[in-house]
Amino acid sequence: MSKKVLIITTSLRANSNSNQLANMFMEGAKQNGNQVEMISLQNKHIEFCRGCLACQTLRKCVINDDMNAIIPKMHDADVIAFATPIYYYEMSGQMKTLLDRANALYGTDYHFRDIYMLTAAAEDSHEVPQRAIEGLGGWIECFENAHLAGTVFAGGVSAAGDIDGHNALSQAYDMGKSIV
């Protein structure tokens, strides 16, 4: 039985390195017949969470922006993969804003179980994505049925396209292909 896989790319740069990781993850996930959808935050309007907590009773956010179309897709996905560039050893600001705004999912019968994180950064040390992974881990902890199923890191990539030929691309493909 195929799974619904949602990939959310958070880089605002066209042809970004993290988006290329997401593309390879998508290709791998499609190999096993999964239903795969990719959403890019590029050209999306997503405001900051206001902390009003109205979403906890309404099950949707009162802010009328592009998150209102993304939250139901997150809810219904069996698998969610987030792709982000690493900025100052952390996830992109737009990814953090998206996670904050996904508060409407808390306390629902969300479907997602497996969460993946795909990251790219100019610096190459294996410690570079750790704070971003921990940040996503804090979000995942609020969803007791979900867990971090895997991560891929492409280090040493800065300019768009630097990732070409990087071994993280095949890792992302294989990770997507492992979804059954």
Side-chain angles (χ1 to χ4, degrees), residues 3-48 65-74 77-102 112 114-137 139 148-179:
K3 292 189 176 180
K4 282 186 173 178
V5 178
L6 178 65
I7 303 166
I8 301 174
T9 65
T10 68
S11 178
L12 303 183
R13 180 168 63 176
N15 196 33
S16 74
N17 296 306
S18 59
N19 285 358
Q20 289 186 52
L21 287 172
N23 287 333
M24 292 304 290
F25 184 91
M26 177 176 65
E27 291 307 314
K30 284 181 176 180
Q31 283 296 311
N32 290 329
N34 293 301
Q35 303 169 46
V36 183
E37 179 178 2
M38 188 174 325
I39 296 173
S40 171
L41 297 189
Q42 189 178 28
N43 300 317
K44 295 278 191 264
H45 176 75
I46 300 176
E47 293 185 25
F48 295 117
D65 64 9
D66 289 321
M67 272 308 288
N68 287 327
I70 297 171
I71 287 183
K73 292 174 187 283
M74 291 176 72
D78 299 307
V79 174
I80 301 175
F82 296 98
T84 184
I86 298 295
Y87 296 144
Y88 298 104
Y89 298 92
E90 195 38 283
M91 71 182 74
S92 69
Q94 41 287 6
M95 180 170 164
K96 176 62 171 121
T97 298
L98 175 120
L99 293 177
D100 290 347
R101 289 288 303 286
F112 55 88
D114 297 334
I115 307 293
Y116 294 89
M117 187 171 208
L118 312 167
T119 58
E123 194 167 330
D124 199 15
S125 172
H126 73 278
E127 297 98 17
V128 171
Q130 292 310 308
R131 290 182 188 134
I133 293 167
E134 289 170 11
L136 177 60
W139 182 82
L148 183 63
T151 64
V152 172
F153 171 60
V157 297
S158 184
D162 279 355
I163 199 168
D164 292 345
H166 198 289
N167 67 347
L169 292 170
S170 61
Q171 292 172 8
Y173 177 86
D174 290 343
M175 189 174 287
K177 192 173 179 185
S178 74
I179 297 170

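Everything quoted here is computed from the prediction, not taken from an experiment.
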Side-chain touch I70/I46, heavy atoms, less than 4.5 angstrom: yes
Sequence-distant partners of A132, side-chain contact (heavy atoms from CB on, under 4.5 Å), two or more places apart: I86, E90, M91, M117
Any L98 side-chain heavy atom under 4.5 Å of F82 side chain: yes
Between T10 and T84, a side-chain donor and acceptor under 3.5 Å: yes
Minimum-distance pair of heavy atoms, taken over all atoms of A120 and N17: CB-CB, 3.9 Å
D114 (side chain) donor-acceptor with V79 (main chain) under 3.5 angstrom: no
OH (Y87) with more than 12 external heavy atoms under 6.0 Å: yes
Gap between atom CG of L118 and atom CE of M26 - 0.5 Å precision: 12.0 Å
Shortest non-hydrogen contact from K30 toward V36: CG-CG2, 3.8 Å
Any side-chain heavy-atom pair of V5 and Q35 under 4.5 Å: no
Heavy-atom pair of closest approach, residues I179 and K3: CG2-CD, 4.0 Å
Nearest-0.5 Å distance, CD of residue E47 to CG of residue D66: 10.0 Å
Side-chain heavy-atom pair M95, L99 within 4.5 angstrom cut-off: yes
pair Y116-S178: side-chain heavy atoms closer than 4.5 Å: yes
Cationic N near anionic O, under 4.0 Å, D65 to R101: yes
Flag, side chain of N34 to backbone of A29, donor-acceptor distance under 3.5 Å: yes
Short side-chain to backbone donor-acceptor contact, D78 and K4, under 3.5 Å: yes
D164 versus Q20, closest heavy-atom pair with distance: OD1-OE1, 3.1 Å
Side-chain donor-acceptor contact under 3.5 Å, Y89 with Q130: no
I163 side, atom CD1; M24 side, atom CE - distance, nearest 0.5 Å: 9.5 Å
Close side-chain approach of F48 to D100, heavy-atom, < 4.5 Å: no
Exam field: side chain H166 to backbone L21, donor-acceptor pair closer than 3.5 Å: no
CA sep, side-chain torsions, deciding dist, call: I8, M74, side chain to side chain contact (heavy atoms under 4.5 Å, CB included): CA-CA 9 Å; I8 301 174; M74 291 176 72; 3.9 Å; yes
Backbone N/O of V128 and side chain of S125: donor-acceptor pair under 3.5 Å: no
Check: N15 side chain, A160 main-chain N or O, donor-acceptor pair, under 3.5 Å: no
A22 to I7 - nearest heavy-atom pair and separation: CB-CG2, 3.7 Å
From N167 atom CG to Q171 atom CD, the distance as rounded to the nearest 0.5 Å: 5.0 Å
Approximate separation, where rounding is to 0.5 Å, of K177 NZ and S170 OG: 12.0 Å
Side-chain touch K44/I39, heavy atoms, less than 4.5 angstrom: yes
Heavy-atom neighbours of R13 CZ exceed 12 at 6.0 Å: yes
Within 6.0 angstrom of H126 NE2, more than 12 heavy atoms from elsewhere: no
Pairwise side-chain contact, T9 with L41, heavy-atom cut-off 4.5 Å (strictly under): no
Under 3.5 Å: donor-acceptor pair, side chain of S18, backbone of A83: no
Pairing residues for D174 by the salt bridge (charged side-chain N to carboxylate O under 4.0 Å, His left out) criterion, not counting sequence neighbours: none
Spacing of E127 atom CD and F153 atom CZ [to the nearest 0.5 Å]: 9.5 Å
Main-chain N/O of A159 paired to D162 side chain as donor or acceptor, under 3.5 Å: yes
